[in-house]
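Notes for the one structure printed next.
All of these numbers come straight from a predicted model, not from anything done at the bench. All ligand and atom numbering here is 1-based and tracks the order in the structure.
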Amino acid sequence: MSVPFSKMHGAGNDFVVFDGVSRPIQLTPQKIRRLADRHFGIGCDQVLLVERPTTAGADFRYRIFNADGGEVEQCGNGARCFVRFVRDKRLTAKDEIAVETLAGMIYPRLEADGDVSVNMGVPRFEPAEVPFEAAVRENVYDLEVDGRIVKASILSMGNPHAVQLVPDVDAAPVNTQGPQIERHPRFPRRVNAGYMQIVDRRHIRLRVYERGAGETLACGTGACAAMVAGRQRGLLDDKVEVKLTGGTLRVSWAGEGQPVWMTGPAITVFEGTIDLEKL
Ligand SMILES: N[C@H](CCC[C@H](N)C(=O)O)C(=O)O
């Protein structure tokens with residue numbers, strides 16, 4: 001049975017998006033891996049499935065599957081593409097949408113210039129969210145990797161992040177050390193490994209080795225986590241431009257207990273149909 005999909009990206013982090021509202025769509029981990037495969041499938045970092053909400057007050061439920069087939073709690077670039085998708089598919093006429101995710105509610109908003117802003121919720125540091133005591137100052141922890149100690153800010157944007165400060169992202173060991181951090185024994189649900197270079201108090205450069213996807217051209221929750229980490233260390237102001245390989249995101253955070261806002265592009269590249277039974 002052929003199913004329509006949209007191929008989309010947010011700053012180069014790319015997605016295959018399905019409408020599970022108009023008709024139910026069943027996706028298994030094996031089918032997700034095939035869909036995400038850049039040779040045997042369509043190719044993407046994550047697959048997004050839009051569904052009817054299961055909680056009162058939500059307009060939609062939005063499910064996120066990494067290229068490795070695992071379902072995860074949150075995806076920032078995906079949330080922006082979700083808004084573009086439901087508006088273009090006329091599944092809603094709202095500008096601000098209440099969206100249910102595994103990490104709780106988020107509230108993305110379509111801006112007049114076509115960009116999308118997302119209230120990504122309050123960053124979390126407690127042990128239930130990250131497997132470290134939150135007593136450490138600025139949430140910077142020692143991680144032993146390859147016999148050496150690396151210092152990383154550990155926090156959750158609904159999904160777990162370990163963010164390091166590096167002098168030059170171009171020279172950062174994203175694809176050698178990143179996989180080791182992703183699967184570090186201190187992270188029972190694995191983790192997204194961020195490498196942040198501070199340009200000045202309002203500009204950072206960032207690369208992320210994503211849990212379940214590898215290095216992506218952009219990571220929205222990673223951009224939020226990096227900005228929070230930098231701000232907690234007293235190195236960043238409350239509004240920051242995050243330059244990633246695939247584009248630039250704008251992140252703002254007023255501080256402890258406040259939500260993080262992220263703004264950036266959401267692009268539909270092409271539409272297609274695919275027979276999921278043949279995958
Ligand atoms: N790899 C992430 C999910 C996608 C996040 C990223 N694509 C974003 O834009 O936030 C994780 O396993 O938590």
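N192 OD1, 3.3 Å is the protein heavy atom nearest to atom 2 (C) of ligand 1. Looking only at heavy atoms of the protein, atom 7 (N) of ligand 1 is closest to N13 OD1, 2.8 Å. The nearest heavy-atom contact from the protein to atom 9 (O) of ligand 1 is G220 N, 2.8 Å.
Looking only at distances, no side-chain donor or acceptor of N66 sits under 3.5 Å from a matching main-chain atom of D68.
Using a 4.5 Å cut-off on side-chain heavy atoms (C-beta onward), T55 and R61 make no contact.
Ring geometry for F270 against F5 counts as perpendicular: the plane angle is over 60°, on a 0 to 90° scale with 30° as the lower cut.
Contact annotation for V72 and ligand 1: only side-chain heavy atoms (C-beta onward) come within less than 4.0 Å of the ligand. Of all the heavy atoms of D45, none lies under 4.0 Å from any atom of ligand 1, so neither backbone nor side chain is involved. For Q74, every heavy-atom contact with ligand 1 shorter than 4.0 Å involves the backbone, none the side chain. Both the backbone and the side chain of T221 come within 4.0 Å of ligand 1, counting heavy atoms alone. Residue contacts with ligand 1, taken as heavy atom pairs separated by less than 4.0 Å, do not involve T216 at all.
In summary, the atoms of ligand 1 found under 4.0 Å from a heavy atom of E210, numbered by their order in the structure, are 1 (N), 2 (C), 3 (C), 4 (C), 5 (C), 6 (C), 7 (N). Interface atoms of ligand 1 facing N77, defined by a heavy-atom separation under 4.0 Å, are 8 (C), 9 (O).
We find the CZ-CZ distance between R34 and F40 to be 6.5 Å, quoted to the nearest 0.5 Å.
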